[in-house]
Amino acid sequence: MKRTPINELLKSTDLGKEINVKGWVRTKRGNKSVAFINLNDGSIIHGIQIVADLTNFDENLMKLITTGSCISVNGTLVQSQGQGQAVEIQATHIEVYGSADAELYPLQKKGHTLEFLREIAHLRPRTNTFGAVLRIRHAMAFAIHKYFNDHGFYYIHTPIITGSDAEGAGAMFRVTTLDPINPPKNDKGEVNYEEDFFGKETNLTVSGQLEGELAALALSKIYTFGPTFRAENSNTARHLAEFWMIEPEVAFNDLVDNMDLAEDFLKYLIQYALEHCNDDLEFLTKMYDNELLSRLRFVVENHFERLTYTEAVEILKTTDHKFEFPVDWGADLQSEHERYLVEKHFKRPVILTHYPKEIKAFYMKQSEDGKTVKAMDVLFPGIGEIIGGSQREEDYEKLHTRILEMGIHEKDLWWYLETRKYGTCPHAGFGLGFERLILFVTGMGNIRDVIPFPRTPKNAEF
RNA sequence: UCUUCCUUAGCUCAGUUGGUUAGAGCAUUUGACUGUUAAUCAAAGGGUCCCUGGUUCGAGCCCAGGAGGGAGAGCCA
């Protein structure tokens with residue numbers, strides 16, 4: 001008999017129908033004559049109740065059906081006699097695919113701490129929490145592609161191995177096939193990367209933006225969505241060494257267009273989650289964050305506050321609120337400053353623009369005032385910076401001068417500069433941290449709990 | 001990397017002034033119960049007190065070093 005997913009069975013009204021269901025046992029309880037098995041197959045957060053009349057089942061078979069075991073059940077879909085569920089399965093035959101030793105299986109019927117579940121990341125997808133997070137993660141990935149496809153963007157695959165470190169976005173992981181014990185040396189006694197696989201030093205990408213710009217200056221509207229690697233020794237609830245990033249880049253867009261895109265895009269994604277992930281969001285709201293659903297709705301329904309860095313500094317300087325770090329024009333804002341603006345002052349998402357050029361990347365469009373660049377950071381409550389982007393400097397001379405000023409090796413960027421030499425145009429884009437989006441949408445507190453197998457300093461298990 | 005807190009049973013945690021045989025709840029096992037919902041009730045089993053060294057008649061507890069984890073910060077997405 002063909003398996004029916006549990007999400008279909010739970011909404012079925014086809015009482016009396018013979019069905020087959022397969023999944024993993026969450027709990028088993030009962031007495032001498034009847035057993036109740038809560039079975040989950042990951043198709044939905046809810047399990048279906050299997051009722052086994054023990055006069056029909058061998059005692060030894062029933063002993064194998066433990067928390068964590070995997071079974072296949074044939075039976076009849078019936079109206080439930082008990083409270084708590086509309087329908088249940090009256091079992092006629094049960095096959096055990098794999099038992100799970102109850103003395104050893106680490107997942108219990110009771111709740112576990114998220115820290116403990118991180119240590120058993122190979123089993124945590126079987127929990128309600130991670131099932132919900134992973135289904136939402138999928139829905140967001142799908143919605144990202146759908147949004148861009150529906151808006152005329154093309155998905156570009158930028159390289160994961162890169163030969164330049166000029167992007168300046170952070171420390172990089174080296175990629176090499178050289179012998180780590182006895183690498184070939186050159187005349188100066190340095191490692192000779194000319195003998196390495198690519199004939200030069202290579203690293204894992206820290207951003208697909210520069211290559212994304214090349215594609216945007218041909219296809220007009222593009223986006224990337226791929227893994228990104230940062231070798232920073234960051235130990236926080238918001239950083240990973242390996243994470244996924246979405247980077248749209250649009251020719252002919254200016255900073256305002258860029259902000260409009262970022263706001264519309266984020267609201268679309270959150271709205272998509274509200275419409276397609278309701279069961280999972282309700283579970284997370286109930287178990288972890290009472291205000292999750294109302295916060296998501298609030299973000300969708302209200303405009304993002306837009307102001308310049310200079311205006312933000314004025315607000316921070318005139319408030320009575322005491323900060324640990326001083327606020328001064330020219331210095332980057334501290335986390336506490338961003339949090340104050342988002343969570344206390346405006347109480348909504350904030351887009352800050354026109355930062356001092358000294359604290360931003362070389363490729364950002366220089367403003368007419370000569371002091372700021374057309375950068376934008378989208379700040380979210382509880383997350384901080386969820387998007388960072390800018391209009392790009394399309395003027396060859398200005399860009400070239402800025403590269404020299406910042407001491408960047410121009411020979412690594414000849415190809416990037418050529419786009420400004422041949423048919424340059426105004427363009428803008430941004431980067432959205434996928435896991436930070438998932439943090440916000442799920443209400444989880446630690447970024448290690450929104451990616452299946454987190455990579456962080458001192459941790460690459462699984 | 002910095003600040004700070006933590007590490008005791010499978011899990012979550014108590015553990016007094018340094019003192020005999022280290023505790024609880026849950027989980028597990030066994031038993032009771034003819035419809036349970038994290039079932040309930042009863043009993044039992046279960047310990048490298050993170051590691052190394054030191055102080056002491058005696059260390060889960062005090063000291064030093066190390067490892068791992070949490071929270072906050074920096075860097076950023």
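In what follows, chains are A, B, ... by sequence order, proteins preceding strands, each numbered from 1.
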A:T228 versus A:R230, side-chain donor and acceptor atoms under 3.5 Å: no
Would [X] and [Y] pass as an ion pair if we require N to O under 4.0 Å?
X: A:D449; Y: A:R124; result: yes
X: A:R135; Y: A:D279; result: no
X: A:K371; Y: A:E358; result: no
X: A:K22; Y: A:D41; result: no
X: A:R402; Y: A:E405; result: yes

Closest-nucleotide 5' rank along RNA chain B - winner of A:N233 and A:K63: A:N233
Closest-nucleotide ordering on RNA chain B, the 5'-leading residue of A:G30 and A:E385: A:G30
Base, sugar-phosphate or nothing for [X]? Non-hydrogen atoms, less than 4.0 Å.
X: A:Q108; answer: base
X: A:I387; answer: sugar-phosphate
X: A:N235; answer: base
X: A:E88; answer: base
X: A:I383; answer: nothing
X: A:Q90; answer: base
X: A:F243; answer: base
X: A:H239; answer: base
X: A:T228; answer: nothing
X: A:Q81; answer: base

Counting side-chain heavy atoms from CB outward, which of B:A77, B:U34, B:C11 is closest to A:I447? B:A77
Per atom distances to the A:R238 side chain, the nearest of B:U30, B:A73, B:C11 is B:A73
Taking only heavy atoms on the protein side, list every residue of [range] lying under 4.0 Å from any atom of RNA chain B, sorted numerically.
range: residues 257-265 of chain A; answer: none
range: residues 429-439 of chain A; answer: A:G431, A:G433, A:R436
range: residues 319-344 of chain A; answer: A:Q334, A:S335

A:E232 side chain to A:A171 backbone, donor-acceptor under 3.5 Å: yes
Within the 4.5 Å heavy-atom criterion, are [X] and [Y] side-chain neighbours or not?
X: A:Y155; Y: A:N149; result: no
X: A:N60; Y: A:L64; result: no
X: A:T442; Y: A:Y288; result: no
X: A:L77; Y: A:I89; result: yes

Mind calculating the distance between [atom1] ([X]) and [atom2] ([N]) to the nearest angstrom?
X: A:E232; N: B:C75; atom1: CD; atom2: P; answer: 10 Å
X: A:H112; N: B:C13; atom1: NE2; atom2: C1'; answer: 15 Å
X: A:M62; N: B:U29; atom1: CE; atom2: C1'; answer: 17 Å

Distance test, side-chain N/O of [X] to OP1/OP2 of [N], below 4.0 Å:
X: A:T113; N: B:U12; value: yes
X: A:K32; N: B:C33; value: yes
X: A:N31; N: B:C33; value: no

Which residues pass the ring-ring contact (aromatic ring centres under 6.0 Å, His included) test with A:F153, sequence neighbours left out? A:F148
Sticking with atom [atom1], work out how far [N] lies from [M], rounded to a whole angstrom.
N: B:G60; M: B:G66; atom1: P; answer: 23 Å
N: B:A9; M: B:C5; atom1: C1'; answer: 24 Å
N: B:A44; M: B:G25; atom1: P; answer: 12 Å
N: B:G15; M: B:C50; atom1: P; answer: 14 Å
N: B:G18; M: B:U56; atom1: C1'; answer: 9 Å
N: B:C13; M: B:G74; atom1: C1'; answer: 33 Å
N: B:G65; M: B:U3; atom1: P; answer: 13 Å
N: B:C11; M: B:C49; atom1: P; answer: 15 Å

Among A:Y272, A:Y268, A:Y154, A:Y223, the one residue meeting ring pair (Phe, Tyr, Trp, His ring centres under 6.0 Å) with A:H145: A:Y223
[X] (side chain) and [N] (base): donor-acceptor pair under 3.5 Å:
X: A:S234; N: B:C76; answer: no
X: A:R230; N: B:A77; answer: yes
X: A:Q49; N: B:U36; answer: yes

Drop me the distance from A:D101's CG to A:T67's OG1, to the nearest 0.5 angstrom. 11.5 Å
Dump every N/O contact between nucleotides 67-69 of chain B and the protein below 3.5 Å, one line per pair.
none

Run the numbers on A:N258 and A:S390 for side-chain hydrogen bond (donor to acceptor under 3.5 Å, both in side chains), then give the verdict. CA-CA 7 Å; A:N258 208 29; A:S390 70; 6.0 Å; no
Does A:M444 form a side-chain contact (heavy atoms from CB on, under 4.5 Å) with A:L284? I'd like the steps, not just the answer. CA-CA 8 Å; A:M444 300 295 284; A:L284 293 169; 4.2 Å; yes
Single hit among A:R455, A:R137, A:R238, A:R448 for salt bridge (charged side-chain N to carboxylate O under 4.0 Å, His left out) with A:E435: A:R137
Should stems be defined as at least three consecutive Watson-Crick or G-U pairs with both distances under 3.5 angstrom, which of them involve RNA chain B? B:1-7 with B:67-73, B:10-13 with B:23-26, B:28-32 with B:40-44, B:50-54 with B:62-66
Would you say the ring centroid of A:F304 lies under 6.0 angstrom from that of A:F380? yes
Students often mix this up, so state it plainly: with edges at 30° and 60°, are the rings of A:F323 and A:H321 parallel, tilted or perpendicular? tilted
